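These notes concern the structure reproduced below.
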Number of protein chains: 2
Amino acid sequence: MATIQDVAKLAGLSRTTVSRVINRHPYVTDEKKRLVMNAMEELNYVPNSSARRLRKQQTETIAVYVPRITNPFFSQMVEVMGNYASDRGYQLILCQTSYSRNQEINYLELLKTKQVDGLILTSIENEWSSIEPYMNYGPIMLCNEYNDQAQVPTVYLDQIEGGYIGTRHLIEQGHTQIAYCSGNNHASRVASDRYTGYKKALEEAGIVTNEDWFLTNAYSIDDGKRVFNEIAKMNDRPTAVFTGSDEVAAGIWKEALNHKWDVPNDLAIIGFDDQPVADLIGLTTIRQPIKNMAQQAMKQMIDIIQHKLPSEKKEIKLEFELIKRRST
Amino acid sequence: MATIQDVAKLAGLSRTTVSRVINRHPYVTDEKKRLVMNAMEELNYVPNSSARRLRKQQTETIAVYVPRITNPFFSQMVEVMGNYASDRGYQLILCQTSYSRNQEINYLELLKTKQVDGLILTSIENEWSSIEPYMNYGPIMLCNEYNDQAQVPTVYLDQIEGGYIGTRHLIEQGHTQIAYCSGNNHASRVASDRYTGYKKALEEAGIVTNEDWFLTNAYSIDDGKRVFNEIAKMNDRPTAVFTGSDEVAAGIWKEALNHKWDVPNDLAIIGFDDQPVADLIGLTTIRQPIKNMAQQAMKQMIDIIQHKLPSEKKEIKLEFELIKRRST
DNA sequence: TTTATCTATGGAAACGGTTTCATGATTTCG
DNA sequence: CGAAATCATGAAACCGTTTCCATAGATAAA
């Protein structure tokens, strides 16, 4: 493996000059530039990025945190972020927290050890107070997730609205018995706000909730199936269910079909995110502008890194869209 | 940011000894070890990974190439690889080739610049001859994809079997007019072998194929919809269609429903991969042991890196499983 | 014409670790 | 008891760049 020294020797110049050519520094005559280029070509030289990182104290790498990459919401996000970053010379390290607090903290050490220039959190497992100290080691920002205490740039949707829009839709369809079904993340405002929106819509309509209809721990299709069975077992059953993701909604629907229930007449279902599967099966859902969110976030992050901007709260809020299909 | 020097000074020892403690080298007395630990604690010291990378000439990072992370086949793969790697102290760089030859080559430079210790390709866009030269810079291996010329470890399924099993199933269901629908990757043996398997099954059954029934460029649900419309427009229509992915199959089915076709009576559809969506909608499909594949591949790669094994062909072949549902 | 500024280059320090080598102290073994 | 092996530590070299500083010639300004 050729080093810059080898190139310098072959070109009959100093390392410094070679470095200048590589980094497009002015003050190198065209003649020397040509000499260096030829030498690099001949030796098939490529600068060693570890050395570069050490000297420049930057890695051109950005970490993206997601709970699980198989969740289509997050994989879409990562797809867009990855492409955007790659186009600008940054690479992406994927950190899957697996909904685990420990795992999240483990990965945070990445920033501390200077393995990345910054990180984007799409979901938070720990209290903000556990994450905040890491801000000393480099820029952190939020995308999708948001938090009052976090003094960081945030690209998000107001999930109160999300919960409200969906529930409001069900109410307008004539439902008064509406179940609520979500994940299980205590530290996340996405979860709690959405629930707040749900309750807000109910209260406005003067509807009383049934505590039994608050179903948690639902992330996947299988969870949806389980949720359906919980609903089916109830004495006082809801006529509609608000879910936190299209996958869960799809699982509920699938199991409902197995039990010969008619959707939406026996049970109306509304999903969240507008994943491809929602269109496929005809699920009413609340669309989140994932790509837009992802791109704005990555743009912000690269901006912050390149201009060494101080970390401060800067909120970019995007909007939901209700997509009405045949499940409601 | 504290350096090893600061720790050494505070502990009243040399950098060497501190380094030994960090790297769990024997020959350090418990007393000094304690001194070092305390100093590290007090200074909140973390070794700088760029420096470490430079000196040790390794990055503890592995690049994984996928066409697009939103394809569930690949996101499952990446999920497993990411977790497996992370458990063993490696991190994952995600490289999305976007089905582009250029993009693939661009990312290959990662290995050259020593940004990663090795790379796993799950799909190949370029001819192997374009990829091979990069083997000089570090270990490369294949997972899912395979190639005759590639003298590298390969975890794969024999796609001839895959194509055969699926087509055979359709034939057994009484079909003789079977369309074939796939992506568009010329460099990939996954694609060509699967087609070979399809033709093999037909030939064995003495069935003549119709060239018009060879449909390409199909990756997504939307592509599936388009494919359906192409089929619907035909004068001589197939009664069954073999697809290269569950997403495409789902798209075909969805559009068939829109046109009031009955599946499987008007058109039988078989998917590939056994994604969650297949179970959801009742799609017959050919399961690939994705998780197993991913894990074996990552295990291999880490093994190769840690034991500096020479790159050689080593094939690990896994098996398909036909999952019969109601679309056939 | 002298002085200040700009251009072009190289030597050496710096980035922050790990590894090699040297050395002395301690233990083991014949 | 002396030689050999093992343990414990530190100084210095090294990994491959970029950057700071010095120098010198060329050009511009006074």
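These numbers come from a predicted model, not from an experiment. Quick note on labels: first sequence line is chain A, next is B, and so on, each numbered from 1.
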Chi angles and distances behind the side chain to side chain contact (heavy atoms under 4.5 Å, CB included) call for R101(B), N126(B): CA-CA 6 Å; R101(B) 298 181 172 220; N126(B) 292 275; 3.3 Å; yes

T113(A)-Q115(A) side chain donor-acceptor pair, cut-off 3.5 Å: yes

Q103(B) and S86(A) side chains, donor-acceptor separation under 3.5 Å: yes

Span of DNA chain C in contact with chain A (heavy atoms, under 4.0 Å): dT7(C) to dG16(C)

Pair S19(A)-T16(A), side-chain donor/acceptor within less than 3.5 Å: no

Side chains of N23(B) and R52(B), donor plus acceptor under 3.5 Å: yes

Contact under 4.0 Å: Y27(B) side-chain N or O vs dC7(D) OP1/OP2: yes

Sugar-phosphate only, base, or nothing, as touched by S19(A) at under 4.0 Å among non-hydrogen atoms: base

Reading 5' to 3' through nucleotides 11-16 of chain D, protein heavy-atom contacts under 4.0 Å coded B for base, S for sugar-phosphate only, - for none: BBBBBB

Flag side-chain contact, heavy atom, 4.5 Å: I93(B) against Y107(B): no

Side chain to side chain contact (heavy atoms under 4.5 Å, CB included) assessment of I290(B) paired with V80(B): CA-CA 9 Å; I290(B) 305 183; V80(B) 176; over 6 Å; no

Gap between atoms CD and P, on Q58(A) and dT18(D) respectively (whole Å): 11 Å

Ionic contact status for E109(A) with K112(A), cut-off 4.0 Å: yes

